[in-house]
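As structure tokens, the structure follows; a few thoughts come after it.
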Amino acid sequence: MTTSLKGKPAADCVRDGVKSRVDERRQKAGSVPGLAVVLVGRDPASEIYVAKKHKAAVAVGMHSFECRLDANSGTGAVLDVVSQLNRNPDVHGILVQLPLPDGVDSDAVIQHIDAAKDVDGLGRLSQGALVQNRPGLRPCTAVGIIDLLDYYEVPLEGRQAVVVGRSSLVGLPTALLLMHRNATVSVIHSKTPSPARIARTADILVVAAGRPGLVTREWIKPNAVVVDVGIHRTDSGIVGDVLADEAWGHAGAFTPVPGGVGPMTIAELLHNTWMAFQTQVVAG
Ligand code: GUN
């Protein structure tokens, strides 16, 4: 039997916590957090994600700002928008939807975001705080994975964890968060020889490779907890990085795609926006 680690109840738990704090703040002080999402171009998947983020922010009573730029905007134009948002006192969190179009310097844009408003946790200060296990804003999907595992009471300390993928958005921060929770962590990437052999050592296998169906049954230790971060639209529907048919009945627990990690990412974005607001306004 494989347990389905559905994201919705865990995400609702995070979101409800944020909503009640926002409600309380509005009643006491009349102010609420503001989240700005910057979208450059018209990538269809990004359009869907941005719409979801807007809806989620409004649903918990936050202000939501959408900044849209043309696909052929240069780096300078995107930096100007970020500068304006950095200065705007009604904006407490800034997220620039990735990927940015070719020709825009993504690193320059991300590093330009005021560290206090860096709700994606991708800036150098946020990353440094993560490495050093100090308070700071963490990448939403990575912290969502840990909260999902905690919600389902999956023990982390002393367990073997393997993370497939080393992106700054997911793989790398997830590996660090697992390490800070005293898991023993290995990271597999595109240059790793015999990846299945290493993956099979995992009690907890987190797959964030961005490759549909990469992980087959031979990568999975029987009864392992498998977290599939991938989400891909294919002719046969939405699939993850793990071949779902091969995980069900073999893994001990598995996150469905869609409906597993996805809902956590947005809930954590709201949580980060609340944290950013608190640092800038409530505590400041
Ligand atoms: N594109 C896909 N996922 C993400 C995310 O978590 N943050 C940003 N900024 N862009 C993304």
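Ligands are counted one by one from 1 in listed order, and the atoms in each one are counted from 1 as well. For clarity, every value in this text was computed on a predicted model and none was experimentally measured. Below, each value reflects all heavy atoms present in this structure, side chains not excepted, and no hydrogens, waters or symmetry copies.
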Under the side-chain hydrogen bond (donor to acceptor under 3.5 Å, both in side chains) definition, can you give me all pairs with a residue in [range], not counting sequence neighbours?
range: residues 24-49; value: Asp23-Arg26, Glu24-Lys28, Arg25-Ser31, Arg42-Glu47, Asp43-Ser46, Glu47-Arg68
range: residues 242-253; value: none
range: residues 223-242; value: His232-Asp241, Thr234-Ser236

For a quick check: using heavy atoms under 4.0 Å, what are the residues in contact with ligand 1, sorted by chain and number?
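The answer is Leu95, Val96, Gln97, Leu98, Asp120, Leu169, counting any residue whose heavy atom sits under 4.0 Å from ligand 1.
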Measure the shortest side-chain to side-chain distance between Val38 and Leu95 over non-hydrogen atoms and say whether it is less than 4.5 angstrom.
no
Before accepting this row, confirm whether a basic side-chain N of the pair Arg138/Asp147 lies closer than 4.0 Å to the acidic partner's carboxylate O.
no
Answer with yes or no whether the side chains of Lys221 and Gln160 bring together a donor and an acceptor at under 3.5 Å.
no
